[in-house]
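What follows is a short report on a single structure.
Every heavy atom of this structure was used, including side-chain atoms; hydrogens, water molecules and symmetry mates were not.
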Amino acid sequence: MFIEKDDLKTISVVQVINNLINDNDEIVTEVIEESIDDMMGYLKKYAHHNIFDKRGTERNPTIKKHLKRIVKYELYKRKDIQIDDDTRIDYDETRTWLFDIATGKLDINLPEKEAEPETSGDGFIKLGGMPKYKTE
């Protein structure tokens with residue numbers, strides 16, 4: 001996976017993360033997967049497999065930072081407890097950053113999707129023609 005539970009120690013204390021997930025690592029894994037899927041919706045023009053399939057030092061540090069912010073926010077929200085101001089501000093900044101990427105206001109150094117070959121028409125082959133009518 002692009003990030004693991006252990007990566008979250010840079011944005012929160014391990015004990016807090018364990019408390020948020022009730023020491024159930026499956027919860028954090030599921031929240032990470034959901035958050036990656038959420039981010040992919042904003043990063044439409046980029047090759048997702050070249051972003052989120054990376055491991056270790058190959059990972060884009062900016063994507064990693066913003067993903068961890070989303071995961072932390074979602075873990076707090078899942079637990080239905082008061083979200084601290086720093087977590088909320090980080091989450092809001094990440095959402096704004098993702099929106100700016102999606103709308104083309106910002107760009108990030110990521111591999112873009114390969115252009116799909118252009119096709120014309122609707123892909124439906126029509127044979128024959130209309131019947132000819134006499135005109136007077």
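- When side chains are defined from C-beta on, Tyr91 does not count as touching Ile83, because their heavy atoms never get closer than 4.5 Å.
- If you check the side chains of Tyr73 and Arg69, you find no donor sitting under 3.5 Å from an acceptor.
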Give the C-alpha distance, both sets of side-chain angles, the deciding distance and a yes or no for side-chain contact (heavy atoms from CB on, under 4.5 Å) between Leu43 and Ile101. CA-CA 7 Å; Leu43 302 171; Ile101 294 288; 3.6 Å; yes

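- How far NZ of Lys54 is from NZ of Lys64: 14.5 Å, rounded to the nearest 0.5 Å.
- Side-chain contact of Thr10 with Lys68: a donor-acceptor pair under 3.5 Å is present, judged by distance alone.
- A donor-acceptor contact under 3.5 angstrom links the side chains of Asp84 and Thr87, judged on distance only.
- Contact check for Phe2 versus Ile32: no side-chain heavy atoms found under the 4.5 Å cut-off.
- Using a 4.0 Å cut-off between charged nitrogen and carboxylate oxygen, Asp38 and Arg95 count as a salt-bridge pair.
- Salt bridge present: Asp7 and Arg59 bring a charged side-chain N and a carboxylate O closer than 4.0 Å.
- Leu8 has its side chain within reach of Ile3: a pair of non-hydrogen atoms, C-beta onward, lies under 4.5 Å apart.
- Glu112 CD: more than 12 foreign heavy atoms inside a 6.0 Å radius.
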Start with the C-alpha gap between Lys5 and Ile21, add the side-chain angles, then the distance that decides, and say whether side-chain contact (heavy atoms from CB on, under 4.5 Å) holds. CA-CA 10 Å; Lys5 175 186 167 191; Ile21 62 172; 4.0 Å; yes

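- Taken to the nearest 0.5 Å, the CG atom of Asp53 stands 10.5 Å off from the CD atom of Glu58.
- In the hydrophobic clustering of this structure, Val31 groups with Met40; members are Ile, Leu, Val, Met, Phe, Trp, Tyr whose side-chain heavy atoms approach within less than 4.5 Å, directly or through other members.
- Interatomic distance, CG of Asp90 versus CD1 of Ile11, reported as 8.0 Å (0.5 Å rounding).
- In this structure, the separation between CD1 on Ile17 and CG on Asp23 is 11.5 Å, given to the nearest 0.5 Å.
- Note that NE2 of His66 is 7.0 Å distant from CD1 of Ile108, once rounded to the nearest 0.5 Å.
- Annotation for Thr62 and Trp97: closest pair CG2-CZ2, 3.6 Å, computed over non-hydrogen atoms.
- Asp100 CG to Asp107 CG: the interatomic distance, rounded to the nearest 0.5 Å, is 11.5 Å.
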Donor-acceptor pairs are to be reported for all side-chain atoms of residues 74-81 against protein atoms at under 3.5 Å, with residues two or more places apart or in another chain.
residue	atom	partner	partner atom	Å
Arg78	NH1	Leu20	O	3.0
Lys79	NZ	Asn19	O	3.2
Lys79	NZ	Asn22	OD1	2.5

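- At a threshold of 4.5 Å between non-hydrogen side-chain atoms, the residues Met39 and Ile70 count as touching.
- Smallest separation of non-hydrogen atoms from Ile63 and Leu110: CD1-CD1, 3.9 Å.
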